[in-house]
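Heads up: the structure comes next, in structure tokens.
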Amino acid sequence: METSSDGNIASASQAEELRLLGNTAFAGKKWQIAIQKYRASINIDGTSKGSAKVYSNLAAALCKLCKYDDAYEAAKMAPKVDPDWAKGHWRLGVVFELQKDFMHALGSYDSAVERAPDEPIFAKAFDKMFQRLGCEAEKLPDGSRVVDLPQSSTSLRVGDGHEEPPCYVAWERLKKRTNNFTDTRNAFPDCVDPSDGIKSEWWIAQGLYYWYTAMMRQLGELACLPCDQLSKMGSKLEELKVLRQSGSISQMEFDTKRYQLTGQPPTQGSEFSEFLNGLTHLGGDHIPAEMGGGKIIPSPSWLKWYKPQQFVAVQQVLFFKVLGCKYKLGTGDNTAKMDWSGGEELVLSPAVRNAARSYLANAKQDNDDFAVGKEGTPEEVIEYCKKKLKEGITWEGGIRDFVALIYRGTVLAGWLSRLGVGLGAALKSFKWAHEFIKLADDEWKVSENENYTQCGASFRKSFQVGILWMELVTAQTLRNDETPKLEIAVYEFNLAQEIITIAKKQPRPTENSFDSWMFYTSFSRKPLAFACSYLASTMHSMRNNPDLLLEVIARTGLFYPDRGDNLFSLVSEATAKDEFSVNSMIAETYKLAAMNQLLDDKETAILFWGCAVHIAYAGGYKIVELRTAINNAIIASQKMDEELFGPSVWRGHTYQKQSMLLARYYQDERDDFILPILELEVRPDGSVSLFVDGQVLCMNFDKHLRMEKKKFRDKTTDEYLDTSEIEKEHGAES
């Protein structure tokens with residue numbers, strides 16, 4: 001008879017009894033009861049090999065409620081307590097797949113097959129993931145295999161049919177305006193007309209410039225990477241550093257000789273922050289992952305052969321930040337000499353730790369002498385910080401840099417995951433960072449006391465809003481345009497409202513300087529436009545399931561009038577109204593999204609059309625409001641920068657056709673005419689009829705118009721992210 005982790009046979013028996021009760025509840029689809037029983041069993045015995053089954057079953061029950069993050073926390077424990085149990089690895093793979101973290105799912109399925117090669121379920125899961133990712137395998141003489149994963153299968157780029165991505169067009173325009181990339185100030189105007197605002201190409205080019213300057217300097221540092229052809233150049237660079245440290249050459253001589261060796265400008269120690277500035281400025285969008293020499297980031301001649309140079313350069317930045325923190329937190333000395341071994345054992349986020357370890361592997365230094373630290377939860381990292389503060393390490397002496405490493409570094413590593421390992425892994429990193437900075441702010445009250453000078457700019461909400469935007473974009477993309485289930489919708493709606501709460505507090509510039517308007521655009525207008533667009537479009541998609549929509553509204557407090565941190569407060573303030581139907585709230589949210597979006601952006605016209613059609617669905621509006629929304633949509637479509645974004649794919653869309661039909665029907669009415677509700681009825685043959693005030697507006701509104709956007713979607717991306725098959729078997733029920 002197996003004993004529990006404390007050696008108590010009675011405890012083991014009780015834990016097993018609770019597991020069986022959980023199984024009975026699971027079989028009866030009583031998921032909450034099953035979860036309670038499994039957790040009770042784990043509380044009695046959560047470390048013996050027998051508990052692996054309980055963790056696996058708990059993960060399965062949580063998946064049925066769409067609680068995939070909680071399921072992951074349970075599933076990862078099964079292989080931990082019993083590494084030899086194949087099904088535990090398979091269960092973790094299932095959870096990874098439901099999270100659309102396909103790379104890690106492949107690894108878990110591979111571990112299951114390795115332990116039980118004759119089990120067809122495990123082999124089938126591995127083969128399916130192998131094909132999804134487009135892998136190739138090479139069998140070695142010892143029977144093992146090496147799996148090669150092509151970059152094209154893991155880096156997701158959601159296309160819109162436009163041949164040249166906007167980032168390349170914007171960058172080419174920037175290069176035409178200036179040849180001096182050490183100072184791009186002359187490439188942008190000094191002042192901005194508030195009626196026109198910032199142009200999309202300026203906004204994109206500014207974010208790319210942050211990324212470009214950091215990457216160009218960091219590529220030179222790869223000369224020190226002890227790897228094949230780089231080792232010779234690295235040794236020469238090390239000789240230079242020794243001469244500089246001894247005072248034998250001046251800083252100017254060092255910079256000149258370094259430039260002659262690498263062809264790159266010297267690093268300034270600010271590259272970590274500049275990478276983050278580029279990401280947060282653009283909400284993680286428009287920054288391409290270029291392999292080798294690219295259109296935006298050219299390679300020095302000696303490095304062109306090294307394809308993953310940009311990925312390794314970012315990993316290198318993270319690694320040296322980890323290395324710096326190891327010594328600062330061990331000594332409290334900002335000037336402590338750094339070495340590759342020893343120092344303080346840090347508690348790191350999984351993303352930062354993995355990035356640092358990956359760098360060491362690329363540097364061929366992945367061994368026990370260079371331990372980067374151990375993996376921890378957000379709570380464990382906070383406890384580590386508190387411990388170091390008690391030991392006398394001050395914020396200025398290392399805690400501030402460490403918090404920046406953990407928060408910003410996790411985001412930066414998550415961005416790398418988004419391009420390499422996959423969106424599912426990236427979302428985990430963004431969620432981890434979100435939870436960490438929230439816990440840290442709650443613990444030390446930094447934003448409440450505005451103690452940013454001591455504790456760092458990572459606590460500034462204006463900095464965090466771009467990261468929250470990245471998190472929401474990633475979550476939405478993972479859904480692949482499917483209507484979210486309850487738990488996912490609640491998470492995403494709350495995230496969107498958090499973005500709105502931060503973005504609306506950013507004051508509108510009182511002067512017309514370019515810098516002030518660019519800051520306002522990046523950290524107020526663009527995040528606000530995206531969050532409002534997300535909420536409006538998602539509420540629209542949920543109108544066919546009103547019970548789900550009303551439940552999400554209730555659980556997120558979306559329409560509660562007595563809160564200052566929700567969508568209602570934003571819309572009420574903008575409209576001076578305090579009562580809204582669902583359709584009128586969607587209309588006003590679309591309007592706010594459009595008003596905050598840049599006028600020449602590809603989304604602005606459809607946002608105004610969304611406002612117009614929901615004015616029609618809501619009724620009770622003056623017809624002049626419908627006419628204004630339509631007019632604004634037409635102006636926005638004319639102003640859109642087609643060279644930058646490609647031709648609009650929205651012409652003739654449902655929103656436009658339906659709102660125009662209603663406007664034409666009442667074209668002779670005065671501006672103060674109150675619109676009745678535009679009603680839609682699906683006929684037995686599947687066609688849609690439009691009615692207004694009891695009259696037929698259109699008997700057979702062409703149903704295919706509602707699917708017009710789908711013609712322009714990237715079908716490869718849709719198929720890649722489609723997890724409907726495994727959702728039916730292991731995920732939440734509809």
Side-chain angles (χ1 to χ4, degrees), residues 192-201 203 500 503-504 508 517 520-521 524-537 539-540 567 570-577 580 583-642 644-675 678 705 708-709:
V192 172
D193 182 350
S195 62
D196 292 332
I198 294 291
K199 292 182 179 179
S200 292
E201 67 159 288
W203 173 69
I500 287 171
K504 74 177 186 178
R508 184 182 175 89
W517 275 97
Y520 181 66
T521 297
S524 181
R525 284 189 63 178
K526 292 292 288 190
L528 200 56
F530 177 77
C532 288
S533 172
Y534 162 81
L535 287 171
S537 60
M539 284 192 287
H540 171 82
L567 179 63
L570 179 72
V571 174
S572 180
E573 183 180 331
T575 62
K577 297 178 183 177
F580 303 93
N583 279 319
S584 65
M585 179 63 83
I586 296 175
E588 298 298 342
T589 307
Y590 265 126
K591 182 179 178 181
L592 282 168
M595 297 297 289
N596 281 283
Q597 188 55 274
L598 301 183
L599 186 58
D600 63 349
D601 191 274
K602 64 179 180 178
E603 298 291 333
T604 310
I606 188 56
L607 294 173
F608 277 121
W609 285 121
C611 171
V613 80
H614 286 89
I615 284 175
Y617 295 157
Y621 280 86
K622 292 179 181 179
I623 195 171
V624 68
E625 295 177 270
L626 175 64
R627 291 167 176 165
T628 301
I630 290 172
N631 188 53
N632 285 336
I634 293 170
I635 292 172
S637 66
Q638 293 169 346
K639 294 279 189 180
M640 192 192 86
D641 190 336
E642 288 199 8
L644 188 66
F645 295 112
S648 172
V649 300
W650 290 97
R651 294 186 179 119
H653 191 263
T654 303
Y655 289 178
Q656 178 181 353
K657 290 291 186 182
Q658 291 182 355
S659 52
M660 288 293 287
L661 278 171
L662 186 65
R664 286 171 184 159
Y665 188 79
Y666 290 114
Q667 62 185 347
D668 296 330
E669 298 293 343
R670 294 167 56 91
D671 281 350
D672 59 358
F673 173 76
I674 303 300
L675 287 168
L678 177 64
L705 286 176
E708 186 162 328
K709 182 188 174 188

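Both backbone and side-chain heavy atoms feed into the values below; hydrogens, waters and symmetry mates do not.
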Taken to the nearest 0.5 Å, the spacing of Ile630 CD1 from Ile635 CD1 works out to 12.5 Å

Centroid-centroid distance, Tyr621 to His614, less than 6.0 Å: no

Measuring from atom CE of Met539 to atom OH of Tyr590, what distance do you get when rounded to the nearest 0.5 angstrom? 9.0 Å

Would you check, one step at a time, whether the test salt bridge (Lys or Arg N to Asp or Glu O under 4.0 Å) holds for Lys622 with Asp671? CA-CA 7 Å; Lys622 292 179 181 179; Asp671 281 350; over 6 Å; no

Separation of Ser637 OG from Ile606 CD1 (nearest 0.5 Å): 10.5 Å

Between Val571 and Leu592, does the side chain to side chain contact (heavy atoms under 4.5 Å, CB included) criterion hold? Intermediate values first, please. CA-CA 8 Å; Val571 174; Leu592 282 168; 3.8 Å; yes

Do the charged groups of Asp600 and Lys199 touch, with an N to O distance under 4.0 Å? no

Looking at side-chain heavy atoms only, is the closest gap between Tyr617 and Gln658 below 4.5 Å? yes

With a 6.0 Å cut-off (strictly less than), is the heavy-atom count around NZ of Lys577, excluding the residue itself, greater than 12? yes

Are the side chain of Asn631 and the backbone N or O of Arg627 linked by a donor-acceptor pair below 3.5 Å? no

How long is the gap from CG on Leu626 to CD1 on Ile615, to the nearest 0.5 Å? 6.0 Å

Would Leu528 and Leu570 satisfy side chain to side chain contact (heavy atoms under 4.5 Å, CB included), going step by step from the backbone distance to the final call? CA-CA 10 Å; Leu528 200 56; Leu570 179 72; 4.1 Å; yes

Any donor-acceptor pair under 3.5 Å from Ser524 side chain to Thr521 backbone: no

Any Arg525 side-chain heavy atom under 4.5 Å of Trp203 side chain: no

Spacing of Asp601 atom CG and Ser200 atom OG [to the nearest 0.5 Å]: 4.5 Å

Thr604 (side chain) donor-acceptor with Leu598 (main chain) under 3.5 angstrom: yes

Test item: Ile634 and Trp609 side chains (from C-beta on) under 4.5 Å apart, heavy atoms: yes

For Ser584 and Phe580, indicate whether the former's side chain and the latter's backbone hold a donor-acceptor pair under 3.5 Å. no

Quick one, Met585 with Leu567, criterion side chain to side chain contact (heavy atoms under 4.5 Å, CB included). Give me CA distance, side-chain angles, the key distance, then yes/no. CA-CA 9 Å; Met585 179 63 83; Leu567 179 63; 4.0 Å; yes

Salt bridge check: are Lys602 and Asp641 linked by an N-O gap of less than 4.0 Å? no

Of all heavy-atom pairs between Met640 and Gly646, which one has the smallest distance, and what is that distance? CE-O, 3.0 Å

Nearest 0.5 Å, please: how far is NZ in Lys526 from CD1 in Ile198? 11.5 Å

Would you mind reporting whether Ile500 and Cys532 have side-chain heavy atoms less than 4.5 Å apart? yes

Gly610 and Tyr655 have their tightest heavy-atom pair at CA-CD1, 3.5 Å

Please answer whether the main-chain N or O of Ala612 pairs with a side-chain N or O of Ser659 as donor and acceptor at a distance below 3.5 Å. no

Do Glu603 and Phe608 come close enough that some side-chain heavy atom pair is under 4.5 Å? no

For the aromatic rings, using the six-membered ring if either is Trp, is the centroid distance between Phe673 and Tyr666 under 6.0 Å? yes

